[in-house]
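Have a look at the structure below, then the notes.
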Amino acid sequence: MALPRHIAIVMDGNGRWAEARGEPRTAGHRAGLEPVRATIKECSRLGIEALTIFAFSSENWRRPQAEVTTLMSLFMEALEREVAELHVNAVRVKVIGDRRQLGVRLQQRIAEAEALTAANTGLKLQVAVSYGGRWDILEATREVAKEVASGQLRAEDIDEARLSAALQLANLPDPDLFIRTGGNHRVSNFLLWNIAYAELYFSDILWPDFDAQALANALADFEQRERRFGMTGHQVSGAVSGGPSA
Ligand code: FPP
């Protein structure tokens, strides 16, 4: 079975899941933790190299203060409760996003979790918090611009590899499967640069209901796709049978 190397997920639908039950939206976020656990476990079991999940966007700061506070406590709680088990399972944890916006204690917990799991060789888990794809590209641009300004790099030598190396997902393969739950068909400013060739998979399932079977369905769908990277279908089948690599 052709598995993706890197899966990116927009976990949408927590609020609607809770509202449909007459519960506060925050109950949906809490319920959304279980599918996060299940997805990490399943990706580890399948030997998938990397998983990047969108937990909180740059734009989510605009939500009602109470919801933002609950989400931040939930991240804190999840870090405190789950990191030991992630470590035992050889998961390497990283947080991507503008962490300067986060509370100091949360920043400390994140740094501890990253340090503890840094040498792990299992699933590479990226949790996007206060992340936006445009922010990511802007930050990378600033970093490269500084090198140009200091004379270390010529503007004409800026290439895709240099910019990629300055992005939050540096040193990881680009996501080849992008999953969004919750019925909306949008990318919502997630990993804009890195998903240039990703297969997009949209599911109507609300995130708290996303289970191992739902992931298996997404993987089965991915397996059916023909990935062409701008080539013709004929060239791609040639590449598979030993021609130029895609
Ligand atoms: C989108 O649903 C979901 C979020 C903004 C939060 C995602 C957070 C979790 C799944 C909780 C835990 C995650 C970690 C990594 C600890 P929504 O609120 O936009 O749903 P709606 O579209 O139904 O309103």
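Residues: numbered from 1 along the sequence shown. First listed ligand is number 1; within each ligand, the first listed atom is number 1. We use all heavy atoms of the structure for the numbers below, so side chains are in, but hydrogens, waters and symmetry mates are not.
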Between the side chains of Glu114 and Lys94, is the shortest nitrogen-to-carboxylate-oxygen separation below 4.0 Å, so that they form an ion pair?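 No, no charged N to carboxylate O under 4.0 Å.
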Check ion pair Lys146-Glu143 (N to O, under 4.0 angstrom):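 Not counted as a salt bridge, because no side-chain N and carboxylate O are separated by less than 4.0 Å.
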If the plane angle is over 60° it's perpendicular, under 30° parallel, otherwise tilted; pick one for Tyr131 and Trp135.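 Ring orientation of Tyr131 relative to Trp135: perpendicular.
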Describe, in one word, how the ring planes of Phe75 and Phe56 are oriented to each other, choosing from parallel (under 30°), tilted (30 to 60°) and perpendicular (over 60°).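 Geometry flag for Phe56 against Phe75: perpendicular rings.
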Any side-chain heavy-atom pair of Ser130 and Arg100 under 4.5 Å: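 No, every pair of side-chain atoms sits at 4.5 Å or beyond.
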When you pair each N or O of ligand 1 with protein N or O atoms, which pairs come out under 3.5 Å?
residue	atom	partner	partner atom	Å
ligand 1	2 (O)	Asp12	OD1	3.4
ligand 1	2 (O)	Gly13	N	3.4
ligand 1	2 (O)	Asn14	N	3.4
ligand 1	18 (O)	Arg25	NH2	2.9
ligand 1	18 (O)	Arg63	NH1	2.9
ligand 1	19 (O)	Asp12	OD1	3.1
ligand 1	19 (O)	Arg63	NH2	2.8
ligand 1	20 (O)	Gly13	N	3.3
ligand 1	20 (O)	Asn14	N	3.2
ligand 1	20 (O)	Gly15	N	3.0
ligand 1	22 (O)	Asp12	OD1	2.9
ligand 1	22 (O)	Arg16	NE	3.4
ligand 1	22 (O)	Arg16	NH2	3.0
ligand 1	23 (O)	Gly15	N	3.3
ligand 1	23 (O)	Arg16	N	2.6
ligand 1	23 (O)	Arg16	NE	2.8
ligand 1	24 (O)	Arg25	NH1	3.0
ligand 1	24 (O)	Arg25	NH2	3.0

Please name the residue in the list Arg25, His29, Glu19 that meets the side chain to side chain donor-acceptor pair (under 3.5 Å) test with Asn14.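 In the set Arg25, His29, Glu19, the residue that makes a side chain to side chain donor-acceptor pair (under 3.5 Å) with Asn14 is His29.
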